[in-house]
Amino acid sequence: MVNRMAKYSRQDILDLIEEEDIEFIRLQFTDIDGNLKNMATTIDQIDKILDGKCKFDCVAIDGFRGEGYEELFLVPDLDTFVIFPWRPQNGKVARFICDVKKPDGTPFEGDSRYILKRTLDQAEKMGFTLDVAVKNEFFLFDLDENGQPTNCTSEKGGYFDIGPTDCGENTRRDMVLYLADMGIVVESSYHSDEAAQHALDMRYVNALKTADDIVTTRLVVRTVARRHGVHGTFMPKPVENVKGSGAHYTFSLCRDGKNIFSDKEDALGVSREGYQFMAGILRHITGMTLVNNPIVNSYKRLVPGYLAPVSVGWSSTNSSPLIRLTSIGGDGARIVLRSPDGASNPYLVIASCLAAGLAGIREGLEPPASMDVMPEGEMTEEKLPRTLHEAVSQFKKDTFLQKVLGEHISKHLIFSRDTDWNEYCRQVTMWEKNRYLGTV
(Lines give C-alpha, C1' and ligand atoms only; values in the text may rest on other atoms or scores of the structure.)
Protein backbone atom coordinates (compact mmCIF):
# COMPACT_ATOMS: atom_id res chain seq x y z
CA MET A 1 0.00 0.00 0.00
CA VAL A 2 1.35 3.42 -1.07
CA ASN A 3 4.42 2.27 -2.96
CA ARG A 4 7.33 4.57 -2.10
CA MET A 5 11.03 4.22 -1.40
CA ALA A 6 11.73 3.63 2.28
CA LYS A 7 13.75 6.28 4.04
CA TYR A 8 14.72 4.20 7.08
CA SER A 9 15.28 0.51 7.64
CA ARG A 10 14.86 -1.20 10.98
CA GLN A 11 18.62 -1.15 11.49
CA ASP A 12 18.75 2.55 10.62
CA ILE A 13 16.30 3.22 13.46
CA LEU A 14 18.31 1.16 15.93
CA ASP A 15 21.51 2.97 14.92
CA LEU A 16 19.89 6.39 15.26
CA ILE A 17 18.55 5.57 18.72
CA GLU A 18 22.04 4.70 19.89
CA GLU A 19 23.82 7.57 18.13
CA GLU A 20 21.36 10.23 19.31
CA ASP A 21 21.03 9.00 22.92
CA ILE A 22 17.26 8.55 22.61
CA GLU A 23 15.53 7.30 25.75
CA PHE A 24 11.80 7.73 25.03
CA ILE A 25 9.65 6.89 22.04
CA ARG A 26 6.22 8.37 21.42
CA LEU A 27 3.83 6.35 19.27
CA GLN A 28 1.48 8.85 17.64
CA PHE A 29 -1.77 8.26 15.78
CA THR A 30 -4.75 10.35 14.77
CA ASP A 31 -8.34 9.79 15.84
CA ILE A 32 -11.28 10.20 13.47
CA ASP A 33 -11.71 13.84 14.45
CA GLY A 34 -8.10 14.63 13.49
CA ASN A 35 -6.76 14.87 17.04
CA LEU A 36 -3.22 13.63 17.51
CA LYS A 37 -2.95 10.94 20.19
CA ASN A 38 0.04 9.10 21.55
CA MET A 39 1.47 6.77 24.11
CA ALA A 40 5.08 6.81 25.31
CA THR A 41 7.52 4.05 26.12
CA THR A 42 11.25 3.69 26.66
CA ILE A 43 13.74 2.31 24.19
CA ASP A 44 13.77 -0.91 26.19
CA GLN A 45 10.59 -1.71 24.24
CA ILE A 46 12.04 -0.89 20.81
CA ASP A 47 11.80 -4.44 19.45
CA LYS A 48 8.18 -4.62 20.51
CA ILE A 49 7.56 -1.22 18.90
CA LEU A 50 9.21 -2.15 15.61
CA ASP A 51 7.35 -5.47 15.52
CA GLY A 52 4.03 -3.61 15.78
CA LYS A 53 3.16 -5.31 19.05
CA CYS A 54 2.30 -2.20 21.11
CA LYS A 55 -1.40 -2.17 21.91
CA PHE A 56 -3.75 0.35 23.46
CA ASP A 57 -7.25 0.43 24.89
CA CYS A 58 -9.28 1.50 21.86
CA VAL A 59 -12.47 1.86 23.91
CA ALA A 60 -10.91 4.97 25.44
CA ILE A 61 -10.75 6.72 22.03
CA ASP A 62 -13.98 8.23 20.75
CA GLY A 63 -14.98 6.41 17.56
CA PHE A 64 -12.42 3.61 17.90
CA ARG A 65 -14.62 1.03 19.57
CA GLY A 66 -14.94 -2.11 17.47
CA GLU A 67 -16.85 -5.34 17.62
CA GLY A 68 -15.09 -8.35 19.09
CA TYR A 69 -12.01 -6.57 20.46
CA GLU A 70 -11.11 -3.98 23.06
CA GLU A 71 -7.51 -3.33 22.00
CA LEU A 72 -5.84 -2.14 18.83
CA PHE A 73 -2.17 -2.22 17.79
CA LEU A 74 0.14 0.59 16.72
CA VAL A 75 2.42 -0.20 13.77
CA PRO A 76 5.06 2.50 13.27
CA ASP A 77 5.82 4.02 9.89
CA LEU A 78 9.61 4.04 10.09
CA ASP A 79 9.88 6.99 7.70
CA THR A 80 8.08 9.23 10.21
CA PHE A 81 10.79 8.80 12.85
CA VAL A 82 11.93 12.20 14.14
CA ILE A 83 13.43 13.61 17.33
CA PHE A 84 11.52 16.30 19.21
CA PRO A 85 13.89 19.30 19.03
CA TRP A 86 12.34 21.02 22.05
CA ARG A 87 12.96 18.12 24.42
CA PRO A 88 16.15 17.53 26.50
CA GLN A 89 19.35 16.84 24.59
CA ASN A 90 20.27 14.07 27.03
CA GLY A 91 17.78 11.25 27.01
CA LYS A 92 16.09 12.56 23.86
CA VAL A 93 12.47 11.94 22.86
CA ALA A 94 11.59 10.67 19.38
CA ARG A 95 8.36 9.72 17.72
CA PHE A 96 6.78 7.51 15.09
CA ILE A 97 3.46 8.13 13.38
CA CYS A 98 1.65 4.81 13.47
CA ASP A 99 -0.92 2.93 11.48
CA VAL A 100 -3.66 1.34 13.56
CA LYS A 101 -4.27 -2.39 13.15
CA LYS A 102 -6.80 -4.83 14.50
CA PRO A 103 -5.67 -7.86 16.53
CA ASP A 104 -5.75 -10.02 13.39
CA GLY A 105 -3.28 -7.66 11.68
CA THR A 106 -5.75 -6.11 9.25
CA PRO A 107 -6.17 -2.31 9.02
CA PHE A 108 -8.59 -0.69 11.43
CA GLU A 109 -11.45 0.90 9.46
CA GLY A 110 -11.47 3.90 11.81
CA ASP A 111 -7.83 4.77 11.05
CA SER A 112 -8.03 7.86 8.85
CA ARG A 113 -4.41 7.42 7.75
CA TYR A 114 -5.39 4.04 6.34
CA ILE A 115 -8.27 5.66 4.44
CA LEU A 116 -5.86 8.08 2.77
CA LYS A 117 -3.37 5.33 1.96
CA ARG A 118 -6.16 3.25 0.44
CA THR A 119 -7.26 6.17 -1.74
CA LEU A 120 -3.67 6.86 -2.82
CA ASP A 121 -3.41 3.21 -3.87
CA GLN A 122 -6.46 3.67 -6.09
CA ALA A 123 -4.79 6.69 -7.66
CA GLU A 124 -1.62 4.68 -8.28
CA LYS A 125 -3.64 2.05 -10.11
CA MET A 126 -4.74 4.84 -12.47
CA GLY A 127 -1.10 5.88 -12.86
CA PHE A 128 -1.30 8.96 -10.63
CA THR A 129 0.44 10.35 -7.57
CA LEU A 130 -0.75 13.38 -5.63
CA ASP A 131 1.31 16.28 -4.32
CA VAL A 132 -0.24 18.67 -1.82
CA ALA A 133 0.75 21.98 -0.26
CA VAL A 134 -1.10 23.66 2.61
CA LYS A 135 -1.47 27.13 4.04
CA ASN A 136 -2.10 26.86 7.79
CA GLU A 137 -3.65 29.83 9.59
CA PHE A 138 -3.87 30.12 13.36
CA PHE A 139 -4.12 32.64 16.19
CA LEU A 140 -1.73 33.26 19.08
CA PHE A 141 -3.78 34.47 22.04
CA ASP A 142 -2.98 35.50 25.60
CA LEU A 143 -3.28 33.14 28.56
CA ASP A 144 -5.20 34.19 31.66
CA GLU A 145 -3.75 34.37 35.16
CA ASN A 146 -4.39 30.63 35.60
CA GLY A 147 -2.64 29.71 32.38
CA GLN A 148 -5.89 28.98 30.56
CA PRO A 149 -6.38 30.07 26.93
CA THR A 150 -8.34 33.19 26.03
CA ASN A 151 -9.30 34.75 22.71
CA CYS A 152 -7.76 38.08 23.77
CA THR A 153 -4.66 39.84 22.50
CA SER A 154 -3.09 43.27 22.78
CA GLU A 155 -1.40 42.85 19.42
CA LYS A 156 -2.45 45.06 16.49
CA GLY A 157 -0.62 43.44 13.58
CA GLY A 158 -1.98 42.93 10.06
CA TYR A 159 -0.86 41.30 6.82
CA PHE A 160 2.92 40.95 6.55
CA ASP A 161 3.64 43.33 9.44
CA ILE A 162 6.98 43.16 11.24
CA GLY A 163 7.98 43.54 14.85
CA PRO A 164 7.29 45.14 17.17
CA THR A 165 3.79 45.39 15.62
CA ASP A 166 3.97 41.69 14.87
CA CYS A 167 4.40 40.27 18.37
CA GLY A 168 4.57 36.71 17.10
CA GLU A 169 7.59 36.81 14.81
CA ASN A 170 9.94 35.19 17.34
CA THR A 171 7.36 32.51 18.11
CA ARG A 172 6.91 31.77 14.40
CA ARG A 173 10.67 31.64 13.92
CA ASP A 174 11.00 28.90 16.54
CA MET A 175 8.09 27.03 14.95
CA VAL A 176 9.77 27.11 11.55
CA LEU A 177 13.15 26.04 12.96
CA TYR A 178 11.65 23.17 14.96
CA LEU A 179 9.68 22.00 11.94
CA ALA A 180 12.83 22.12 9.81
CA ASP A 181 14.61 19.95 12.40
CA MET A 182 11.74 17.48 11.99
CA GLY A 183 12.03 17.40 8.20
CA ILE A 184 9.09 19.70 7.47
CA VAL A 185 9.81 22.61 5.15
CA VAL A 186 7.87 25.85 5.67
CA GLU A 187 8.28 27.92 2.53
CA SER A 188 7.11 31.13 4.20
CA SER A 189 5.77 32.33 7.53
CA TYR A 190 4.10 35.66 8.13
CA HIS A 191 1.56 37.66 10.07
CA SER A 192 -1.90 37.16 8.56
CA ASP A 193 -4.74 39.63 8.25
CA GLU A 194 -6.15 39.88 11.76
CA ALA A 195 -4.50 40.81 15.05
CA ALA A 196 -2.61 37.79 16.46
CA GLN A 197 -3.34 35.73 13.32
CA HIS A 198 -0.44 33.98 11.62
CA ALA A 199 0.24 31.70 8.65
CA LEU A 200 2.69 28.96 7.73
CA ASP A 201 2.89 27.97 4.06
CA MET A 202 4.08 24.38 3.72
CA ARG A 203 6.02 23.08 0.72
CA TYR A 204 4.60 20.65 -1.84
CA VAL A 205 5.24 17.02 -0.88
CA ASN A 206 3.46 13.74 -1.47
CA ALA A 207 -0.05 13.58 -0.05
CA LEU A 208 0.60 11.15 2.81
CA LYS A 209 3.57 13.15 4.08
CA THR A 210 1.52 16.33 3.82
CA ALA A 211 -1.17 14.90 6.08
CA ASP A 212 1.47 13.66 8.53
CA ASP A 213 3.14 17.07 8.41
CA ILE A 214 -0.11 18.90 9.12
CA VAL A 215 -0.84 17.00 12.33
CA THR A 216 2.80 17.44 13.35
CA THR A 217 2.66 21.16 12.58
CA ARG A 218 -0.39 21.59 14.80
CA LEU A 219 1.52 19.94 17.64
CA VAL A 220 4.57 22.15 17.09
CA VAL A 221 2.50 25.35 16.87
CA ARG A 222 0.73 24.65 20.16
CA THR A 223 3.92 23.49 21.89
CA VAL A 224 6.03 26.45 20.83
CA ALA A 225 3.23 28.90 21.61
CA ARG A 226 3.12 27.68 25.21
CA ARG A 227 6.88 28.01 25.51
CA HIS A 228 6.44 31.66 24.51
CA GLY A 229 3.64 32.24 27.01
CA VAL A 230 0.74 32.34 24.53
CA HIS A 231 -1.90 29.91 23.24
CA GLY A 232 -1.91 28.66 19.65
CA THR A 233 -5.32 27.75 18.26
CA PHE A 234 -6.57 26.56 14.88
CA MET A 235 -10.18 27.28 15.89
CA PRO A 236 -11.83 28.49 12.67
CA LYS A 237 -13.55 31.57 14.14
CA PRO A 238 -12.35 32.34 17.67
CA VAL A 239 -13.38 36.02 17.58
CA GLU A 240 -16.53 37.58 16.14
CA ASN A 241 -16.36 40.28 13.47
CA VAL A 242 -12.90 39.28 12.25
CA LYS A 243 -11.74 36.94 9.51
CA GLY A 244 -11.40 33.32 10.54
CA SER A 245 -8.55 30.87 10.01
CA GLY A 246 -8.55 28.40 7.15
CA ALA A 247 -6.39 25.57 5.86
CA HIS A 248 -6.05 26.06 2.11
CA TYR A 249 -5.14 22.84 0.26
CA THR A 250 -3.31 23.06 -3.08
CA PHE A 251 -3.35 19.95 -5.29
CA SER A 252 -1.22 18.75 -8.21
CA LEU A 253 -1.81 15.36 -9.78
CA CYS A 254 1.24 13.77 -11.38
CA ARG A 255 1.95 10.98 -13.84
CA ASP A 256 5.57 9.83 -14.18
CA GLY A 257 6.60 12.85 -12.13
CA LYS A 258 4.86 15.33 -14.45
CA ASN A 259 2.03 17.60 -13.34
CA ILE A 260 -0.89 16.54 -15.54
CA PHE A 261 -2.96 19.58 -14.56
CA SER A 262 -0.79 21.77 -16.83
CA ASP A 263 -1.52 22.51 -20.48
CA LYS A 264 0.27 25.41 -22.17
CA GLU A 265 -2.29 25.42 -24.98
CA ASP A 266 -5.14 26.28 -22.60
CA ALA A 267 -5.97 29.91 -21.94
CA LEU A 268 -5.54 29.37 -18.20
CA GLY A 269 -2.74 26.85 -18.56
CA VAL A 270 -4.95 24.04 -17.22
CA SER A 271 -5.38 20.62 -18.81
CA ARG A 272 -8.60 18.72 -19.47
CA GLU A 273 -7.76 16.42 -16.55
CA GLY A 274 -7.30 19.47 -14.33
CA TYR A 275 -10.77 20.76 -15.12
CA GLN A 276 -12.24 17.27 -14.66
CA PHE A 277 -10.52 16.82 -11.30
CA MET A 278 -11.92 20.17 -10.15
CA ALA A 279 -15.37 19.23 -11.45
CA GLY A 280 -15.29 16.06 -9.35
CA ILE A 281 -14.54 18.06 -6.20
CA LEU A 282 -17.30 20.56 -7.02
CA ARG A 283 -19.82 17.75 -7.53
CA HIS A 284 -19.20 16.40 -4.01
CA ILE A 285 -18.22 19.57 -2.15
CA THR A 286 -21.48 20.06 -0.24
CA GLY A 287 -21.30 16.51 1.13
CA MET A 288 -17.56 16.93 1.70
CA THR A 289 -18.15 20.01 3.84
CA LEU A 290 -18.76 17.83 6.89
CA VAL A 291 -15.17 16.59 6.51
CA ASN A 292 -13.65 19.97 5.63
CA ASN A 293 -15.56 21.92 8.30
CA PRO A 294 -16.40 19.46 11.07
CA ILE A 295 -17.39 21.58 14.08
CA VAL A 296 -20.13 24.05 14.95
CA ASN A 297 -17.64 26.92 14.95
CA SER A 298 -16.55 26.13 11.38
CA TYR A 299 -19.72 27.71 10.05
CA LYS A 300 -19.11 31.00 11.86
CA ARG A 301 -16.18 31.39 9.42
CA LEU A 302 -18.11 30.47 6.26
CA VAL A 303 -20.24 33.62 6.13
CA PRO A 304 -20.33 36.49 3.64
CA GLY A 305 -18.06 39.46 4.13
CA TYR A 306 -14.94 37.78 5.56
CA LEU A 307 -13.22 36.45 2.40
CA ALA A 308 -14.16 32.85 3.21
CA PRO A 309 -16.02 30.92 0.48
CA VAL A 310 -19.80 30.59 0.74
CA SER A 311 -20.77 29.64 -2.84
CA VAL A 312 -19.92 26.57 -4.91
CA GLY A 313 -17.79 27.89 -7.75
CA TRP A 314 -14.30 28.53 -9.04
CA SER A 315 -12.16 31.36 -10.36
CA SER A 316 -8.75 31.98 -11.86
CA THR A 317 -8.58 35.67 -10.94
CA ASN A 318 -10.65 36.13 -7.79
CA SER A 319 -8.68 35.38 -4.62
CA SER A 320 -11.66 34.37 -2.46
CA PRO A 321 -13.68 31.70 -4.31
CA LEU A 322 -14.21 28.15 -3.10
CA ILE A 323 -11.69 26.86 -5.66
CA ARG A 324 -8.97 28.93 -7.28
CA LEU A 325 -7.15 27.71 -10.38
CA THR A 326 -3.62 28.97 -10.82
CA SER A 327 -0.69 28.21 -13.10
CA ILE A 328 1.54 31.06 -11.91
CA GLY A 329 5.08 30.08 -10.95
CA GLY A 330 7.20 27.05 -11.67
CA ASP A 331 4.94 24.36 -10.22
CA GLY A 332 2.50 24.32 -13.12
CA ALA A 333 -1.27 24.36 -12.80
CA ARG A 334 -2.71 23.80 -9.34
CA ILE A 335 -6.15 23.53 -7.76
CA VAL A 336 -6.55 25.43 -4.50
CA LEU A 337 -9.44 24.47 -2.23
CA ARG A 338 -10.09 27.26 0.29
CA SER A 339 -12.97 25.96 2.41
CA PRO A 340 -11.25 23.53 4.85
CA ASP A 341 -10.21 24.75 8.28
CA GLY A 342 -7.79 23.68 10.99
CA ALA A 343 -10.42 21.66 12.87
CA SER A 344 -10.53 19.12 10.04
CA ASN A 345 -8.76 15.78 9.79
CA PRO A 346 -6.19 16.24 6.97
CA TYR A 347 -6.14 12.55 6.09
CA LEU A 348 -9.87 12.59 5.41
CA VAL A 349 -9.79 15.96 3.63
CA ILE A 350 -7.13 14.80 1.18
CA ALA A 351 -8.70 11.36 0.69
CA SER A 352 -12.11 12.90 -0.04
CA CYS A 353 -10.72 15.45 -2.50
CA LEU A 354 -8.56 12.88 -4.28
CA ALA A 355 -11.37 10.35 -4.61
CA ALA A 356 -13.80 12.99 -5.90
CA GLY A 357 -11.21 14.37 -8.31
CA LEU A 358 -10.36 10.94 -9.69
CA ALA A 359 -14.07 10.27 -10.18
CA GLY A 360 -14.25 13.51 -12.15
CA ILE A 361 -11.48 12.27 -14.45
CA ARG A 362 -13.00 8.81 -14.87
CA GLU A 363 -16.42 10.24 -15.69
CA GLY A 364 -15.13 13.09 -17.85
CA LEU A 365 -16.98 15.71 -15.80
CA GLU A 366 -17.09 19.33 -16.92
CA PRO A 367 -16.96 22.13 -14.33
CA PRO A 368 -19.55 24.92 -14.29
CA ALA A 369 -18.69 28.25 -15.86
CA SER A 370 -16.05 30.24 -14.05
CA MET A 371 -17.18 32.93 -11.64
CA ASP A 372 -14.92 35.24 -13.68
CA VAL A 373 -17.15 35.11 -16.78
CA MET A 374 -20.64 34.62 -15.41
CA PRO A 375 -22.85 37.68 -16.04
CA GLU A 376 -24.05 39.75 -13.09
CA GLY A 377 -27.14 38.19 -11.58
CA GLU A 378 -26.33 34.72 -12.93
CA MET A 379 -23.88 33.68 -10.24
CA THR A 380 -24.31 30.16 -8.90
CA GLU A 381 -27.10 29.73 -6.43
CA GLU A 382 -25.53 26.61 -4.94
CA LYS A 383 -24.14 27.41 -1.52
CA LEU A 384 -21.99 25.56 0.95
CA PRO A 385 -23.88 24.33 4.03
CA ARG A 386 -24.46 27.17 6.48
CA THR A 387 -24.58 25.04 9.63
CA LEU A 388 -23.18 21.77 10.93
CA HIS A 389 -26.69 20.33 10.84
CA GLU A 390 -27.00 21.11 7.12
CA ALA A 391 -23.55 19.64 6.48
CA VAL A 392 -24.59 16.36 8.12
CA SER A 393 -27.71 16.28 5.93
CA GLN A 394 -25.65 16.80 2.76
CA PHE A 395 -23.14 14.15 3.79
CA LYS A 396 -25.94 11.63 4.35
CA LYS A 397 -27.02 12.13 0.73
CA ASP A 398 -23.53 11.52 -0.71
CA THR A 399 -23.16 7.74 -0.83
CA PHE A 400 -19.97 8.11 -2.88
CA LEU A 401 -18.17 9.93 -0.07
CA GLN A 402 -19.50 7.50 2.51
CA LYS A 403 -17.99 4.67 0.48
CA VAL A 404 -14.65 6.51 0.25
CA LEU A 405 -14.47 7.01 4.02
CA GLY A 406 -15.99 3.64 4.87
CA GLU A 407 -18.96 2.74 7.01
CA HIS A 408 -17.13 3.00 10.34
CA ILE A 409 -15.91 6.57 9.87
CA SER A 410 -19.07 7.71 8.11
CA LYS A 411 -21.28 6.52 10.95
CA HIS A 412 -19.03 8.19 13.50
CA LEU A 413 -19.08 11.51 11.66
CA ILE A 414 -22.85 11.51 11.37
CA PHE A 415 -23.50 10.48 14.97
CA SER A 416 -20.88 12.69 16.61
CA ARG A 417 -21.77 15.80 14.60
CA ASP A 418 -25.48 15.31 15.17
CA THR A 419 -24.68 15.04 18.87
CA ASP A 420 -22.61 18.25 18.77
CA TRP A 421 -25.35 20.11 16.93
CA ASN A 422 -28.06 18.98 19.34
CA GLU A 423 -25.92 20.04 22.30
CA TYR A 424 -25.21 23.41 20.69
CA CYS A 425 -28.92 23.98 20.06
CA ARG A 426 -29.61 23.55 23.77
CA GLN A 427 -27.35 26.49 24.62
CA VAL A 428 -28.63 30.00 25.22
CA THR A 429 -25.91 32.37 24.01
CA MET A 430 -25.04 35.82 25.26
CA TRP A 431 -26.14 37.22 21.90
CA GLU A 432 -29.64 35.79 22.41
CA LYS A 433 -29.84 37.19 25.91
CA ASN A 434 -28.74 40.63 24.79
CA ARG A 435 -31.03 40.54 21.77
CA TYR A 436 -34.25 39.21 23.27
CA LEU A 437 -34.29 39.27 27.05
CA GLY A 438 -35.49 42.85 27.33
CA THR A 439 -37.74 42.92 24.24
CA VAL A 440 -39.66 39.66 24.13
Note to self: Salt bridge check, K117 against D99: does any charged N sit closer than 4.0 Å to a carboxylate O?
What the structure shows: yes

Next item on the list: Go through the steps to decide whether L143 and Q148 satisfy the test side chain to side chain contact (heavy atoms under 4.5 Å, CB included), and finish with yes or no.
Entry: CA-CA 5 Å; L143 300 170; Q148 296 302 307; over 6 Å; no

Next item on the list: With the side chain counted from C-beta on, respond yes when L388 and Y299 share a heavy-atom pair under 4.5 Å apart, and no when they do not.
Entry: yes

Notebook entry, point to check: How about F64 and F108: are their ring centroids closer than 6.0 Å?
Noted result: yes

Margin query: Using side chain to side chain contact (heavy atoms under 4.5 Å, CB included), reason through E71 and V59 one step at a time and then give a plain yes or no.
Written below: CA-CA 7 Å; E71 294 175 321; V59 179; over 6 Å; no

Check: Taking the six-membered ring of Y69, is NZ or CZ of K55 closer than 6.0 Å to its centre and within 45° of its axis?
Finding: no

Note to self: Would the distance check show the side chain of D166 and the main-chain N or O of G157 forming a donor-acceptor pair, the cut-off being under 3.5 Å?
What the structure shows: no

Margin query: Are the side chains of C353 and Y249 in contact, using a 4.5 Å heavy-atom criterion?
Written below: no

Next item on the list: Could you walk me through whether Y347 and I214 pass side chain to side chain contact (heavy atoms under 4.5 Å, CB included), step by step?
Entry: CA-CA 9 Å; Y347 300 101; I214 291 172; over 6 Å; no

Item checked: Pair I361-L253, side chain to side chain contact (heavy atoms under 4.5 Å, CB included): steps then yes or no -> CA-CA 11 Å; I361 292 176; L253 197 65; 3.7 Å; yes

Note to self: Assess the residue pair N422 and H389 against the criterion (side chain to side chain donor-acceptor pair (under 3.5 Å)); give the C-alpha distance rounded to whole Å, side-chain angles, the decisive distance to 0.1 Å, and a yes or no.
What the structure shows: CA-CA 9 Å; N422 291 333; H389 175 69; over 6 Å; no

Next item on the list: Verify the distance criterion only: is there a donor paired with an acceptor across the side chains of T216 and D213 at less than 3.5 Å?
Entry: no

Next item on the list: Please check if the side chain of D111 supplies one atom and the backbone of V100 the other of a donor-acceptor pair under 3.5 Å.
Entry: yes

Notebook entry, point to check: Has the side chain of T153 got a donor or acceptor atom that lies under 3.5 Å from a matching backbone atom of A196?
Noted result: no

Notebook entry, point to check: Mind checking whether T217 and Y178 have side chains closer than 4.5 Å, heavy atoms only?
Noted result: no

Next item on the list: Could you tell me the separation between the CD1 atom of I32 and the CG atom of D62, rounded to the nearest 0.5 Å?
Entry: 7.5 Å

Notebook entry, point to check: So, R338 side chain and P321 main chain: donor-acceptor pair closer than 3.5 Å or not?
Noted result: yes

Next item on the list: Please check if the distance between the ring centroids of H284 and F400 is under 6.0 Å.
Entry: yes

Margin query: I'd like to know if the side chain of E137 and the backbone of G246 have a donor-acceptor N/O pair within less than 3.5 Å.
Written below: yes

Checklist line | Geometric class of the F234/F138 ring pair [parallel <30°, tilted 30-60°, perpendicular >60°] | finding: tilted

Next item on the list: Ignoring hydrogens and angles, tell me if any N or O in the side chain of N345 forms a donor-acceptor pair with the backbone of S112 under 3.5 Å.
Entry: no

Note to self: Does any part of the side chain of Q394, heavy atoms only, come nearer than 4.5 Å to the side chain of P385, both counted from C-beta?
What the structure shows: yes

Checklist line | pair F96-I13: side-chain heavy atoms closer than 4.5 Å | finding: yes

Next item on the list: Decide yes or no for D341 and M235: does some side-chain heavy atom of the first lie under 4.5 Å from some side-chain heavy atom of the second?
Entry: no

Next item on the list: Taking R417 for its side chain and P294 for its backbone only, find out whether a donor-acceptor pair lies under 3.5 Å.
Entry: yes

Note to self: Are there over 12 heavy-atom neighbours, none belonging to R203, within less than 6.0 Å of that residue's CZ?
What the structure shows: no

Next item on the list: Kindly indicate whether the side chain of V312, heavy atoms from C-beta on, has any atom under 4.5 Å from the side chain of L384.
Entry: yes

Check: Roughly how far, to the nearest 0.5 Å, is CG of D331 from OG of S252?
Finding: 6.5 Å

Checklist line | Atom CZ of F24: over 12 foreign heavy atoms under 6.0 Å | finding: no

Notebook entry, point to check: Under 3.5 Å, side chain of E155 to main-chain N/O of E194, donor-acceptor pair present?
Noted result: no

Checklist line | More than 12 heavy atoms from other groups under 6.0 Å of CG on D256 | finding: no

Next item on the list: Classify the ring geometry between W86 and F84 as parallel (under 30°), tilted (30 to 60°) or perpendicular (over 60°).
Entry: parallel

Margin query: Return the CD1 to CZ distance between I22 and R95, rounded to the nearest 0.5 Å.
Written below: 12.5 Å

Next item on the list: Check each of F128, W314, F261 against F277 using the ring-ring contact (aromatic ring centres under 6.0 Å, His included) test, and report the only one that passes.
Entry: F261

